[in-house]
Amino acid sequence: MQKRILVAFFILFFLCGCTSREKEELDNNAVVSLQESDKAADGEKDVSNEMSMEYPFPKEIEKLEKLDLIAMGLYADEKQSIQNSNQLNSGYFTADEDGNIYFSDYTQNAIYACGAEGANKELVYEGIGAYLHIANGYLYFVDIDTEKKYAGKIVKINLKTKEVVILYEEPCGEITIMQDTLYNNISGMAGMKLDEPDKGFTRLSEIESVFLNSDGRYLFYNMVTGEPSFLFERGYLLAWDTETETNYFVESKMIFPLLAGNWLSYIDLQTNARHVLDIETGADTDLTGYIQRAASDGHKLYWAQQEIGSFQIMQWDGKEIQELLKVEGEADKYGDVFLYLTDDHLYWMLETKFLEEAKWGYYRFSDEKTGSLNGD
């Protein structure tokens, strides 16, 4: 059990936290072949055909019913789309309904709260938190053990009294909140009612999971259960139905899923690039780049193209790719970029030293103003 937990941590925080230069090529032998139709206009393709497998399903999937992705009627509203984006970007950021933002500052080893552009900054927690969520007046997150370099306990903080409550003491991976339930992937899927924390977590599934996303009913994730332990590289996309409490198999080639509006964006292991699937029409667009992290409000998709000393934030509106802005950095600094959205702003965290050094900036959509949250 502990071995599987550590494997999940490694996948989630080391693979997602490494720089692009450190990424290894995926195992081509573990790629599922897709029986594609002819390419459609504008780079789109029909993905309605069945998948052909080059290897047998693991036993955890063999017994699951398959859902038709196009027929599921999926839709994430703007609020859910933004939460899904934050989730895919490891959740070092969130915002409340009053326009205040909360973010983890690596340099100060702290979580801060402030106005949308950094005003009235105050310390919320001494330590780094991932998968930040706000619900019912509390800030929920996973405390990151910066010495051991992996996710630790699950914490909630009363935003009025600043009381800190430990919900789960043992190391865990991701958490997400849907409606009145906090879900985690502690050696499988587990849930805890927000208004019944004393009852703890209830085991829902033994299938281990990473990269949680939701449309409000289905909880999508990549499977990491089984041997070899890196089965998520085969792109097994599953869905937990919160209404029927049932696991379903969805697809076999999709990793790093992002559900936003009518789009399901993902990395396709056939092309090794981020795609955007239009759930209404079935049209699938190849964005041609290996983009682990993306953000979307359901109307546009954003991601970063990195260079030494700078990066560009790109946007796609469903038709064409454009550069939104270029962010200049230090000449000798290179790192991963995490993107976050609110109604009015796009935020980025440039991580130049894993869990130790990162700079935060923002872009205001209304007038293209940019600024910093944690220094020049």
Is the shortest side-chain N to carboxylate O distance from [X] to [Y] below 4.0 Å?
X: Asp241; Y: Arg217; value: yes
X: Glu170; Y: Lys153; value: no
X: Lys253; Y: Asp268; value: yes
X: Lys199; Y: Glu196; value: yes
X: Glu117; Y: Lys369; value: yes

Would you check if the side chain of [X] reaches a backbone N or O of [Y] as a donor-acceptor pair within less than 3.5 Å?
X: Asp278; Y: Gly282; value: no
X: Asp286; Y: Thr271; value: no
X: Ser81; Y: Gly261; value: yes
X: Asp105; Y: Gln108; value: yes
X: Glu280; Y: Trp263; value: no
X: Trp360; Y: Ser104; value: yes
X: Glu251; Y: Leu69; value: no
X: Lys121; Y: Leu373; value: yes
X: Thr285; Y: His275; value: no
X: Asn158; Y: Glu163; value: no

Within 6.0 Å of [atom1] in [X], more than 12 heavy atoms from elsewhere:
X: Glu307; atom1: CD; value: yes
X: Glu368; atom1: CD; value: no
X: Glu147; atom1: CD; value: no
X: Asn120; atom1: CG; value: no

Please round to the nearest 0.5 Å and tell me the distance separating atom [atom1] of [X] and atom [atom2] of [Y].
X: Leu64; Y: Ile207; atom1: CG; atom2: CD1; answer: 5.0 Å
X: Asn109; Y: Glu356; atom1: CG; atom2: CD; answer: 9.5 Å
X: Glu245; Y: Leu204; atom1: CD; atom2: CG; answer: 6.0 Å
X: Ile134; Y: Thr94; atom1: CD1; atom2: OG1; answer: 5.0 Å
X: Asn213; Y: Phe220; atom1: CG; atom2: CZ; answer: 8.5 Å
X: Ile175; Y: Lys156; atom1: CD1; atom2: NZ; answer: 12.0 Å

ask   = For Leu74, which of Ile279, Asn262, Leu264 qualifies under side chain to side chain contact (heavy atoms under 4.5 Å, CB included)?
value =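 The single option meeting the side chain to side chain contact (heavy atoms under 4.5 Å, CB included) with Leu74 is Ile279.
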message = When you group the ILVMFWY residues by side-chain heavy-atom contacts below 4.5 Å and let the links chain together, are Leu132 and Ile101 in the same group?
response =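 Different hydrophobic clusters.
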task = Specify whether Phe256 and Phe211 have parallel, tilted or perpendicular ring planes, treating 30° as the upper limit for parallel and 60° as the lower limit for perpendicular.
result =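 Correct class here is tilted.
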task = Start with the C-alpha distance between Trp348 and Phe311, add both sets of side-chain angles, then the distance that settles side-chain contact (heavy atoms from CB on, under 4.5 Å), and finish with yes or no.
result = CA-CA 11 Å; Trp348 63 84; Phe311 61 90; 3.5 Å; yes
Donor-acceptor side-chain pairing of [X] and [Y] below 3.5 angstrom:
X: Asn247; Y: Tyr221; answer: yes
X: Asn374; Y: Tyr106; answer: no
X: Tyr266; Y: Asp284; answer: yes
X: Arg274; Y: Ser265; answer: yes
X: Thr352; Y: Glu357; answer: yes
X: Asn86; Y: Tyr131; answer: no

ask   = Which residue, Tyr92, Phe93, Phe365, forms the ring pair (Phe, Tyr, Trp, His ring centres under 6.0 Å) with Tyr347?
value =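 Option passing the ring pair (Phe, Tyr, Trp, His ring centres under 6.0 Å) with Tyr347: Phe93.
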Ring center gap for Phe103 and Tyr340 short of 6.0 angstrom =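 For Phe103 and Tyr340, the ring centres are not under 6.0 Å apart.
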ask   = Given the side-chain rings of His133 and Tyr140, with only the six-membered ring counted for Trp, is the space between their centroids under 6.0 Å?
value =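 So the answer is no for these two rings.
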task = Would you sort out whether Asn184 and Thr176 count as a side-chain contact (heavy atoms from CB on, under 4.5 Å), showing the intermediate values?
result = CA-CA 7 Å; Asn184 66 49; Thr176 194; over 6 Å; no
query = What are the two closest heavy atoms between Ala294 and Leu258, and how far apart are they?
reply =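 Answer, listing the atom of Ala294 first, then Leu258: O-CD2, 3.7 Å.
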inquiry  = Quick one, Leu325 with Thr370, criterion side-chain contact (heavy atoms from CB on, under 4.5 Å). Give me CA distance, side-chain angles, the key distance, then yes/no.
reply    = CA-CA 10 Å; Leu325 77 157; Thr370 61; 3.7 Å; yes
task = In sequence, state the C-alpha distance, the side-chain angles, and the governing distance for Thr242 and Thr181, and then conclude on side-chain contact (heavy atoms from CB on, under 4.5 Å).
result = CA-CA 10 Å; Thr242 61; Thr181 302; over 6 Å; no
